[in-house]
Structure formats: C-alpha cells, structure tokens
Number of protein chains: 2
Amino acid sequence: MSGEGAKLQHLHALKHLALLGGTKRPVRISSREFAEALGASQQAASAALLDLLKLGFIKREITSRKQHITLTDAGVAALAHEHAELRRIFDPQKTVEIEGMVSSGLGEGAYYMAQEGYARQFEAHLGHRPVPGTLNLKLEGDELSKLQMLEAAKGIDIAGFTDKSRTFGGAKLFRCELGGLDGGVVLPLRTHHRDIMEIIARRQLRRALKLKDGDKVAVKVFV
Amino acid sequence: MSGEGAKLQHLHALKHLALLGGTKRPVRISSREFAEALGASQQAASAALLDLLKLGFIKREITSRKQHITLTDAGVAALAHEHAELRRIFDPQKTVEIEGMVSSGLGEGAYYMAQEGYARQFEAHLGHRPVPGTLNLKLEGDELSKLQMLEAAKGIDIAGFTDKSRTFGGAKLFRCELGGLDGGVVLPLRTHHRDIMEIIARRQLRRALKLKDGDKVAVKVFV
DNA sequence: ATTACTAATCATCGAGTAG
DNA sequence: TCTACTCGATGATTAGTAA
C-alpha cells in the first residue's frame, strides 16, 4: 500500500525528480541542488526524499558524496495518475450518451463491489473508491446498440481474480458522468445477453440524484 | 510575497474544478460538495475557492443557493503548465545533441534577458525565470547543420513586443539540458547568418559548470 | 562537502459558529 | 440550508547544527 498517504508536496517533489530524468536513469543530485529545483530549503528537500523513500516512490543509493535516485514503478504510477487526470481535462475525448431506465438489481452489484479485488482496481482507475452497489439502467432499442458499441470498444481492463471461496471474472470499465457526477460503467466479460448497464460511483447515485425506479437518466460515457 | 503565488493545494483544487468541467461551462457546486471532491472539509474548500478567486484562476457567481464557477484563462494556463511538465515526463521526445565552444558575447544577451517582456515568457515556458545573460556557444561544421535543423523545427513561440523606447523581435525557444541543468536555446527570429547558439538557464551556467572561453560543451536540445 | 536531526516558526486545516 | 469567519490543533518548513 505504498500509494496511500501521498501528499501534494510528495507528488510535487516526485515530479521534479522525474523531470530530472529519474524515470529512466538514476539522478545524481544533492539535497541542496534538489532544494533549488523545488524552491525550498535543503532540509525540506532532504525530508521530501525521506518521505518518498518511505512511500516507496523512489530508490536511493548514497555511494560517494551524492545520492543516486531512481523512481520506482509505484512512483511512476503515482505521476501517471496525475498525468491521466490532466489529459482528461485537456485532451478532448469521444463520448457516447446513453439513456436508460433506473431499475432495481438483484443486489448482486453490491456483492461484487464489496470484493476487495474489484474495489482496489476501480479505485486505481477512477481515482476514488466507489460505494458498494451499482445503479442499474435498463436499456431499450437504440440505446442497446450503443451498449453493443461499448462492448466492442477497448475500455479499461479490470482483471479477474480468485478468492478463497471462488473465482471472479474480469470486466471492462469506462469512465462516465451523469448528473454532474463522475463514475464508471462496468461491463463484466463473458456475459452474453445484456440489456442492463451497471454504474458505479463515488456516491450513492440513487440518493445523490434522487432517482427512483422507472426514472430515465442519460449517462455520458467516455470511450 | 504572500498574496501572489499559487501553492500546490491551489493547483489541486483547480484541477478538480477542471475535472468537473469548469474549463468549458460553469460548475454548479456547493462548498460542501466541492469539499467532498477534494477530500477535505467544507471550510478548506471554501477557503480554496477564495484563494483561487484572489489568484484570478476562477470566476464565480453566487446566484441563489449554489455558486457557478468557471476557470479563467489564467487558471487554465496554470493547469496547462502542469500538464506540459507531465507530458515531458511521459511522452518520449526527440533530442539533438549539439556541441559548441564557449565564447564571450557582446553582453547583448544580458540586455535582452533583462527585458521583462522576454523574461516573463521564458518563465512561463521553462518553469523558472532565467538569470539575465546567455551562454554563447560557437558552432562549427556538422554542428552548424544541426542548428539549421533547429531553425526548421517548430519550437516554442516567444512573441515580440514593444517597449516605450523600442521594438523587440520574436524568437523561438527550445528546452535543453547541459551538464545536468535544464535551460533553453533561444533563436531570435529574423537573424540571417548564425553560428552562435544562445542558452539561457536558471543559473549562471559559466559559474555553475565552471566554464571558460574555448571550452567545448554538449547541449541536449529537446525538439 | 554531504545528510538529516531537533527545535522553533509558520502555514494550513477543521470545528464551531455567525451572517 | 448556504458561505466564510475565528481560533486552536496539526503538520510542514526552516534555521541551526551534529555526524
């Protein structure tokens, strides 16, 4: 769990190390020089490096007089997450608007969402841990063909996994937005017929958007 | 220096507003909801909005119960800068390595660099305000043809401007790196023959790298 | 030269609450 | 409800300095 506990200043320091080339080769830099790059004191730079080490974001070797710093995979991943968010802001994306009718599921959604193996992956890709449970939208006619279009699209891969008790299949995830809230559309793999679209989000959508069975809502899906 | 200057938490808040769509349309959100998006308290969210207003990064209308927030151009620019840095980390770039001989200029470099109209633009694109003055590298033979290649390339546009006293021409800027320090290669437009390459940086390069006239140095230029 | 500890300072945050 | 103030706690940053 090295990703937890990272503060803004840690990502800032990490970014500067990456800008100095720390993703590819070891950066040879003293805490004094690093401080200059950060616009802070030597002490703050030294502390930042210690924090990044503790977070598992960098590796360090202090050989002779200076230290050789390299970003770990976890460190690169943390920056990649920031990068992805900014890309979402600046790079225009294709969206599909799909309308569906709110319908009650069988409570299965909540069961799957409660699995740590899924929740962790959703958190990584959506940037937040969704509440357990899904909003189920029933699709008809034209909307169904849009769903089939999603099935054909690439999406974010959610890996299957095996618990003590059973095996959970993989799924495909698309970011989406409805009623001003962002969330994700989950499409389990190996489902044959499908006219229900399951949506997960940071908040309980039914409550947040005051939805009840039979309501029609439009979801903007980012392909 | 307390009023000016965006802090990390400001950019963080700004990013979340942008993720909610604030770059395109007004975001209708309460400080309570915004706090939830930020993972902070309502008070912190409210304070962040006030700071962003003071920084000129957002515009706000408080009509009835909720506020309508839009990012200003300055706010978008601040995020774009972050985005550009992360792109530099993740998007592989082409580089040209050019070798030149340290030579004394006529002191012109320092005169131009002292112009606020240039300094401000360099700061925006390099991420720091370069010291006044340039390191001049004299190029010969093969290296000259690499310089011509740079002339042909796109580069970062530095706009010309007019002072009270005179007009300053535009230029082209490339990021570069030498001796582990990053800086920029400045190519003034409307220069015909050229065998000198001017380099600006955050620090006095001569001093930082202990260079003297006649020394050969290699510059890695990011095209 | 370094890195990094300790103590003091200072900025930031959240609780309570006013308007 | 809402925004945003004060204030005390928290935590980050710095100066001084040890190793």
Side-chain angles (χ1 to χ4, degrees), chain A residues 4-17 20 22 26-70 78 180 203 207-210, chain B residues 1-17 20 22 26-70 179-181 203 207-210:
Chain A
E4 283 316 306
K7 303 276 175 52
L8 294 178
Q9 69 269 25
H10 297 138
L11 289 176
H12 183 71
L14 198 61
K15 185 186 72 184
H16 276 278
L17 286 170
L20 293 164
V27 179
R28 187 170 166 278
I29 196 172
S30 72
S31 61
R32 181 73 203 82
E33 292 167 327
F34 187 42
E36 201 165 313
L38 288 178
S41 68
Q42 174 270 324
Q43 293 85 343
S46 178
L49 291 176
L50 288 173
D51 287 348
L52 288 175
L53 278 168
K54 212 175 298 171
L55 287 163
F57 285 175
I58 59 171
K59 280 180 301 200
R60 177 167 70 163
E61 278 181 52
I62 308 185
T63 46
S64 52
R65 299 179 70 81
K66 280 186 187 157
Q67 43 198 339
H68 292 61
I69 300 166
T70 320
R203 297 166 58 187
R207 193 186 311 150
L209 302 175
K210 298 187 175 53
Chain B
M1 300 279 224
S2 46
E4 281 307 306
K7 304 274 175 52
L8 295 178
Q9 70 268 25
H10 297 140
L11 288 175
H12 184 70
L14 198 61
K15 184 186 73 182
H16 275 278
L17 286 170
L20 293 164
V27 179
R28 186 170 166 279
I29 195 170
S30 72
S31 62
R32 182 72 201 81
E33 291 167 326
F34 186 42
E36 201 165 313
L38 287 178
S41 68
Q42 174 270 322
Q43 292 86 341
S46 178
L49 292 176
L50 288 174
D51 288 346
L52 289 175
L53 278 168
K54 213 175 299 172
L55 287 163
F57 285 174
I58 59 171
K59 280 180 301 201
R60 176 168 70 165
E61 279 180 51
I62 307 185
T63 47
S64 52
R65 302 178 66 83
K66 279 185 188 158
Q67 42 198 339
H68 291 61
I69 299 166
T70 320
L181 299 173
R203 297 166 60 186
R207 194 186 311 150
L209 301 177
K210 297 186 177 53

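What you see is a predicted model; the values in this text were computed from it and never measured. Within every chain, numbering begins at 1; the chains are lettered A, B, ... in the order of the sequence lines, protein sequences first and strands thereafter.
In this model, the phosphate group of C/dA11 is not approached by any side-chain N or O of B/K7 to a distance below 4.0 Å at OP1 or OP2. Listed pair B/R32 / C/dG14 fails the phosphate criterion, with no side-chain N or O lying under 4.0 Å from OP1 or OP2. Residue B/S46 places none of its side-chain N or O atoms closer than 4.0 Å to OP1 or OP2 of D/dT3.
Helical stems of DNA chain C (runs of at least 3 Watson-Crick or G-U pairs, donor-acceptor distances under 3.5 Å) are listed by first residue: C:2-19 with D:2-19.
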Between the protein and nucleotides 7-10 of chain D, which nitrogen or oxygen pairs come in under 3.5 angstrom?
none

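Looking at residues two or more places apart in sequence or on another chain, you find a side-chain contact (heavy atoms from CB on, under 4.5 Å) between A/L20 and A/V27, A/I29. Not counting sequence neighbours, B/T70 has no partner by the side-chain hydrogen bond (donor to acceptor under 3.5 Å, both in side chains) test. Contacts of B/Q42 classified as side-chain hydrogen bond (donor to acceptor under 3.5 Å, both in side chains), with partners at least two apart in sequence or in another chain: B/S31. Listed by chain and number, the residues in a side-chain hydrogen bond (donor to acceptor under 3.5 Å, both in side chains) with A/R60 are A/Q67 (sequence neighbours excluded).
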Just list the side-chain donor-acceptor pairs under 3.5 Å for residues 43-53 of chain B, sequence neighbours left out, or say none.
| from | atom 1 | to | atom 2 | distance (Å) |
| --- | --- | --- | --- | --- |
| B/Q43 | OE1 | B/S41 | OG | 3.4 |
| B/D51 | OD2 | B/H10 | NE2 | 2.9 |

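Atom-to-atom, CG of B/L52 to C1' of D/dA4 comes out at 15 Å; the value is rounded to the nearest Å.
Here the straight-line distance linking atom CD of A/E33 with atom CG of B/L181 works out to 7.5 Å at 0.5 Å rounding.
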Problem set entry | Base versus backbone protein contacts along nucleotides 13-19 of chain D [heavy-atom cut-off under 4.0 Å; B, S, -] | -BBB---

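Residue pairs satisfying the salt bridge (charged side-chain N to carboxylate O under 4.0 Å, His left out) criterion with at least one member in residues 35-47 of chain A, sequence neighbours excluded, are listed as follows: A/E36-B/R203.
Nucleic acid contact class of B/L49 (heavy atoms, under 4.0 Å, all strands): none.
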